[in-house]
Amino acid sequence: MEKASNLDSKMYVLDTNVLLHEPLAYLSFQEHDVVIPMTVLEELDHIKDRKHDVSRDARVAIRGLDEVLKDATPEQMLKGVALPSNKKAKASSAGTLIIVNDHLFVDSISGLPGNENDHRIINCAVHLQKQHPNSKVVLVTKDINMRLKAKGAGLKFVEDYRTDQLIDDIALLSSGYKKIAGDFWQHVGECETQQHGRDAFHKVAKSLIPDVFCNEYLLDDSGQFAARVKSYDEQHIMLKDIGVERLMHQSAWGVKPKNIYQGMAMDALLDTGIELVILTGPAGCGKTLLALACALEMVVEKGIYDKVIVTRNTPEIAESIGFLPGTEEEKMAPWLAAITDTLEVLHKGDENPISSRNYIMEKANVQFKSVNFMRGRSIQNAVVILDESQNLTASQLKTIITRCGEGTKLICSGNLAQIDSNYLTPVTSGLTYIVERFKDFEGSATVNLNGVVRSRLASFAEENL
């Protein structure tokens, strides 16, 4: 483990949770050295046989490490084995992977029990810091408490694993619309207008709004102008003129928008040219109600799609749905009460709301499915509603999105302030990931439903608690 004596040389010590979060994380450190303590391999070994989703990630990490190290001698493993180049990383040279037997290191941290795995890994990093004073030794872990303990133990550099984070602050997450100060048309110089049926399209200079993306909505202070970005190039933006009045007069299954944000959401939900609609926002802003109302409108009234599939992760982070009696749909019923509640709200004026709910569920072919059984399916001509998607990882969301076949519309809704998963934060949630990744996809739209419309009580609680 002889290293060049300059501070440009970096040595990253990976914690187990980094490899569980992204099994091939060791490929993301460009030309630097990646150290994996023996304790990490032991933890992966204990996790790989559990009946949990995380076990698959442990097995992928182990197989990946074996692929890199399969031809290495023990001496080469201690000195460093060259890592394969990562296509995503723009490094001039690949780094090396080092396996360290941290059990041989003397416990240099007084006051911490030596038999805990976290403390062994911290001790390993502290030992390497002493052994390589001219290199920057960095412990990388997603465990906040471990980062605090490592600093307290004398480790100079401790970091979270952020390679897969597309934004640094959740406040920077795209809302799906932009507000332009003043009257929009006062800012526009030359404008070319085209009429296609009832829709008007305006071609304006991109310098007016330089950082737009596909299907982003534009509003101004006049309260009359509303448009959606259809396409753009380096010089021009093509806008579809919608108008606030038209947005606010939409209707789906008897539901009308209560504010301009719901109006934009309904415009995206009812547009069959948009295959993915992402709805974010606080509790009580109408995400589930709008999604279900528009789904029923397109399935029952318009006959565009054949069925509605509703799914969400169960509280154990998309693990087993347990030993509840009955069919898959009956097992899922407790987790999907929000959907049945919403159906009752949509039919509260009927003489018998429960009978109406059951009738519509049969007529619209509403199916409740578990995320667990999505892999391998191909869903055709359906509206898929993925509720509470803030608790899913990027890989779980990828599994669901790639199930959608021809003629299927996917609606993802979630509130990033209500993450129940132990392993996710607002910036690492799969919902945040797809909002950023699908920004420039012409078949997707994002709308942040700003404002609580559930009740005066819910609105006050959202603002003040």
Side-chain angles (χ1 to χ4, degrees), residues 10-29 32-48 50 52-62 64-65 98-100 102-103 105 107-129 136-165 167-170 316-319 390-396 416 419-430 432-433:
K10 294 179 183 177
M11 193 177 287
Y12 290 96
V13 182
L14 302 193
D15 187 17
T16 313
N17 51 43
V18 174
L19 294 174
L20 295 177
H21 178 78
E22 188 177 322
L24 303 180
Y26 49 83
L27 298 177
S28 301
F29 292 90
H32 304 296
D33 297 321
V34 178
V35 176
I36 297 184
M38 203 74 77
T39 301
V40 169
L41 296 179
E42 290 171 3
E43 285 196 318
L44 290 174
D45 190 48
H46 291 142
I47 293 168
K48 76 179 194 302
R50 295 180 191 170
H52 292 285
D53 196 53
V54 76
S55 304
R56 178 185 60 83
D57 296 321
R59 291 192 293 271
V60 172
I62 291 167
L65 291 170
I98 304 166
I99 304 295
V100 172
D102 53 320
H103 295 277
F105 295 159
D107 190 358
S108 56
I109 312 170
S110 59
L112 291 179
N115 58 349
E116 280 201 25
N117 289 339
D118 282 2
H119 300 160
R120 285 200 191 115
I121 295 167
I122 293 171
N123 185 60
C124 172
V126 171
H127 183 88
L128 291 174
Q129 183 177 262
K136 183 179 177 181
V137 178
V138 185
L139 174 63
V140 183
T141 175
K142 299 200 71 63
D143 186 336
I144 299 172
N145 198 44
M146 187 173 175
R147 293 203 294 269
L148 294 173
K149 287 194 286 187
K151 283 192 175 182
L155 198 60
K156 294 176 185 175
F157 303 104
V158 185
E159 294 179 5
D160 187 7
Y161 180 74
R162 296 179 180 272
T163 303
D164 61 339
Q165 284 183 208
I167 54 172
D168 295 324
D169 188 343
I170 201 62
E316 298 86 5
I317 315 162
E319 304 296 351
Q390 74 274 6
N391 288 317
L392 293 171
T393 64
S395 63
Q396 286 170 332
L416 290 164
I419 293 178
D420 301 317
S421 168
N422 297 333
Y423 306 107
L424 295 174
T425 63
V427 289
T428 59
S429 167
T432 302
Y433 191 78

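These numbers come from a predicted model, not from an experiment.
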Side chain to side chain, Arg59 and Ile62, heavy atoms closer than 4.5 Å = no
Taking atom CZ of Phe157 and atom NZ of Lys151, what is their separation to the nearest 0.5 Å?
-> 10.0 Å
Kindly give the heavy-atom pair with the smallest separation between Val13 and Val137, and that separation in Å.
-> CG2-CG1, 4.1 Å
Parallel, tilted or perpendicular: ring planes of His127 versus Phe105, cut at 30 and 60 degrees | parallel
Least distance between heavy atoms, Ala58 atom then Leu44 atom = CB-O, 3.9 Å
Taking side chain as C-beta onward, heavy atoms only, is Met11 less than 4.5 Å from Lys136?
-> no
Can you find a heavy atom in the side chain of His32 that is under 4.5 Å from one in the side chain of Val138?
-> no
Output yes when Asp15 and Lys142 qualify as a salt bridge under the 4.0 Å nitrogen-oxygen rule, no when they do not.
-> no
Spatial distance of atom CG (Leu416) from atom OG (Ser429) [nearest 0.5 Å] = 5.0 Å
Hey, mind stepping through Glu22 and Ser28 against side chain to side chain contact (heavy atoms under 4.5 Å, CB included) and telling me if it holds?
-> CA-CA 10 Å; Glu22 188 177 322; Ser28 301; 3.9 Å; yes
Just checking, is any N or O donor in the side chain of His119 or Lys149 under 3.5 Å from an acceptor N or O on the other one?
-> yes
Quick one: are Ile36 and Ile98 in side-chain contact, heavy atoms under 4.5 Å?
-> no
Is a donor on one side and an acceptor on the other found under 3.5 Å between the side chain of Tyr26 and the backbone of Leu19?
-> no
Would you indicate whether the side-chain heavy atoms of Leu139 and Tyr12 approach each other to under 4.5 Å?
-> no
In Thr141, Asp143, Asp118, the residue satisfying side-chain hydrogen bond (donor to acceptor under 3.5 Å, both in side chains) with Asn17 is Thr141
Heavy-atom check, side chain of Ser55 versus side chain of Lys48, under 4.5 Å = no
Compare all side-chain heavy atoms of Leu14 with those of Val35 and state whether any distance is below 4.5 angstrom.
-> no
Name of the residue among Asn117, Thr16, Asn123, Asp102 meeting side-chain hydrogen bond (donor to acceptor under 3.5 Å, both in side chains) with Thr39 = Asp102
Euclidean distance, Ile122 CD1 relative to Glu116 CD, rounded to 0.5 Å | 9.5 Å
Thr428 side chain to Thr425 side chain, donor-acceptor N/O pair below 3.5 angstrom | yes
Donor-acceptor contact below 3.5 Å, side chain Thr432 vs main chain Val427 | no
Could you go step by step and tell me if Lys10 and Asp33 meet the salt bridge (Lys or Arg N to Asp or Glu O under 4.0 Å) rule?
-> CA-CA 6 Å; Lys10 294 179 183 177; Asp33 297 321; over 6 Å; no
Looking only at heavy atoms, which two atoms of Leu24 and Gly64 are closest? And how far apart?
-> CD2-CA, 4.3 Å
May I ask you to test the Leu41-Leu65 pair for a side-chain heavy-atom distance under 4.5 Å?
-> yes
